[in-house]
Amino acid sequence: MKEENNRVENQTAQSPKPDKKKSFRLSDRAYNIVRFIVLAVAAGALMYASFNLTTSYLNYKEDEQKYADIENMFVQEVQVEQVENNGDISYSKTKQWVWDYDAMLRFNDEAKGYIKLDGTRIQYPIVEHEDNDFYLWRGVDKVKNGSGSIFIDYRTAGLEGRMCVLYGHNMLDGSMFKQLMDYRNDDFCKKHGTFDIYVGHHHYIYYVFSVFSGKDVDEKIYQYGFKDDADFQNWISRVAAKTRYHFPVEQPTADDKIIMCSTCVDDYGNRQLVCMYRGEEVVDRQS
């Protein structure tokens, strides 16, 4: 028994001990592999993000040029009448932006009008499709585009209806309906109380009467159709009461035509809303 125990002890003594250096080298190799993988993933993510940023920038620049070209469609040379000091009348030529609905229809047969807010980038055609998905991710040229278009909610009666909803993205580059967010600033509200809205061949001044935030699922705000004048007047009173800034205009009545502009605030259904009603028609100077 003693010899057997000695044999076991000797075998144990002769058994190779773990090579600490080898274990360390294996751990170090594993660490380097993991580090390489992490760096590769990070580099890939950086390249992907850089690609997306570059693509977005190029898309923004392309959109900017596209809408600049559309703006130029309406720049015409017009004749301006001037009265001299001696009472004589003289005429000169100057370039002026003049709405041409027929030209817009040739560019896009679904065009319904144009929206302009002086001093901002909100200078866009208004279009409408048979659903709300088409122009959500297509430009006014009907080509797929992340910026989308300014479009009419097909569930409303359009620009000639009682209440029309216009949608536009809140773009990071400041385009589309991004500057509706500026109506959260009192000074901006004070300086931008009117829009120029072109409906078909006609040009109207629209007066802003309510600006506020709401939820896209609130059917009391996004109401598509009204039973009668009283129902419409109740809607007007409801959205007018929500305004964060009190504009120096009268509250519209059921006889007015109203546009509600809507853009996203975040990904949780919050929306920035600007409500306006139709005022006087403007007779534009033609060449």
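Because the structure is a prediction, the values reported are computed rather than measured. Hydrogens, waters and symmetry mates play no part in the numbers below; they use all other heavy atoms, side chains included. Quick note: residue numbers are just sequence positions, from 1.
- Here the side chain of W99 pairs a donor or acceptor atom with the backbone of G200 at under 3.5 angstrom.
- F188 is linked by a side chain to side chain contact (heavy atoms under 4.5 Å, CB included) to L117, T120, D182, Y183, N185, H192, counting only residues two or more places apart in sequence or in another chain.
- There is no side-chain donor-acceptor pair under 3.5 Å between R244 and S210.
- The stretch residues 205-225 participates, sequence neighbours left out, in these salt bridge (Lys or Arg N to Asp or Glu O under 4.0 Å) pairs: D216-R271.
- Considering W137, F177, Y135 as possible partners of H169, the one that fulfils the ring-ring contact (aromatic ring centres under 6.0 Å, His included) test is W137.
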List, one per line, each side-chain donor-acceptor pair under 3.5 Å for residues 247-256, sequence neighbours excluded.
{"unit_1": "Q251", "atom_1": "NE2", "unit_2": "S237", "atom_2": "OG", "d": "3.2"}
{"unit_1": "T253", "atom_1": "OG1", "unit_2": "D255", "atom_2": "N", "d": "3.2"}
{"unit_1": "D256", "atom_1": "OD2", "unit_2": "T253", "atom_2": "N", "d": "2.8"}

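- V127 has its side chain out of reach of I152: every pair of non-hydrogen atoms, C-beta onward, lies at least 4.5 Å apart.
- Looking only at side-chain heavy atoms (C-beta outward), V274 and F212 stay at 4.5 Å or farther from each other.
- Scanning for salt bridge (Lys or Arg N to Asp or Glu O under 4.0 Å) contacts around R155 gives D153, with sequence neighbours left out.
- D100 and H201 share no side-chain donor-acceptor pair at under 3.5 Å.
- Between Y204 and I259 the shortest side-chain heavy-atom distance does not fall below 4.5 Å.
- Residues H203 and E281 fail the side-chain proximity criterion, which asks for heavy atoms closer than 4.5 Å.
- A donor-acceptor pair under 3.5 Å links the side-chain atoms of N72 to the main chain of A68, judged by distance alone.
- The ring pair (Phe, Tyr, Trp, His ring centres under 6.0 Å) test applied to H202 returns no partner, not counting sequence neighbours.
- Residues Y67 and G148 approach most closely at OH-O, 3.7 Å, considering heavy atoms.
- Under a 3.5 Å cut-off, the side chain of Q76 and the backbone N or O of W97 do not form any donor-acceptor pair.
- Considering all non-hydrogen atoms of both residues, L180 and I122 come closest at CD2-CD1, 4.0 Å.
- Between C189 and V211 the shortest side-chain heavy-atom distance falls below 4.5 Å.
- Two residues are said to be in side-chain contact when any heavy atoms from C-beta on lie closer than 4.5 Å; D231 and Q223 meet this criterion.
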- Message: One pair to check against salt bridge (Lys or Arg N to Asp or Glu O under 4.0 Å): R138 and E110. What are the steps and the verdict?
- Response: CA-CA 13 Å; R138 283 181 174 84; E110 294 186 311; over 6 Å; no
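- Residue S262 comes nearest to V165 through the heavy atom pair CB-CG1, 4.4 Å, listed as atom of the first residue, atom of the second, then distance.
- Taking Ile, Leu, Val, Met, Phe, Trp and Tyr as hydrophobic and joining them when side-chain heavy atoms fall under 4.5 Å apart, one finds V265 in a cluster with M181.
- Put simply, the side chain of F226 does not reach to within 4.5 Å of the side chain of I236, judged on heavy atoms.
- Remark: the backbone N or O of T263 is not paired with any side-chain donor or acceptor of N170 at under 3.5 angstrom.
- Looking at W235 and M163, their side chains come closer than 4.5 Å, going by heavy atoms from C-beta outward.
- Across all non-hydrogen atoms, the minimal contact from Y206 to L159 is OH-O, 4.2 Å.
- Under the salt bridge (Lys or Arg N to Asp or Glu O under 4.0 Å) criterion, D141 pairs with K66, sequence neighbours left out.
- Among pairs with a residue in residues 188-210, those fulfilling salt bridge (Lys or Arg N to Asp or Glu O under 4.0 Å) read D187-K191, at least two apart in sequence or across chains.
- Using a distance-only test at 3.5 Å, with no hydrogens or angles considered, a donor-acceptor pair links the side chain of S149 to the main chain of V140.
- Checked against ring pair (Phe, Tyr, Trp, His ring centres under 6.0 Å), F151 has the following partners two or more places apart in sequence or in another chain: Y167.
- Among residues at least two apart or in separate chains, there is no salt bridge (Lys or Arg N to Asp or Glu O under 4.0 Å) pair with a member in residues 257-268.
- Annotation: Y114 is not in aromatic contact with Y124 [ring centroid separation under 6.0 Å not met].
- Between I115 and C261, the shortest heavy-atom distance links the atoms CD1-SG, 4.1 Å.
- Listed here is the closest heavy atom pair of M104 and I70: SD-CG2, 4.5 Å.
- Applying the salt bridge (Lys or Arg N to Asp or Glu O under 4.0 Å) definition to pairs two or more places apart or across chains, none involves residues 125-134.
- Residues passing the ring pair (Phe, Tyr, Trp, His ring centres under 6.0 Å) test with Y222, sequence neighbours excluded: none.
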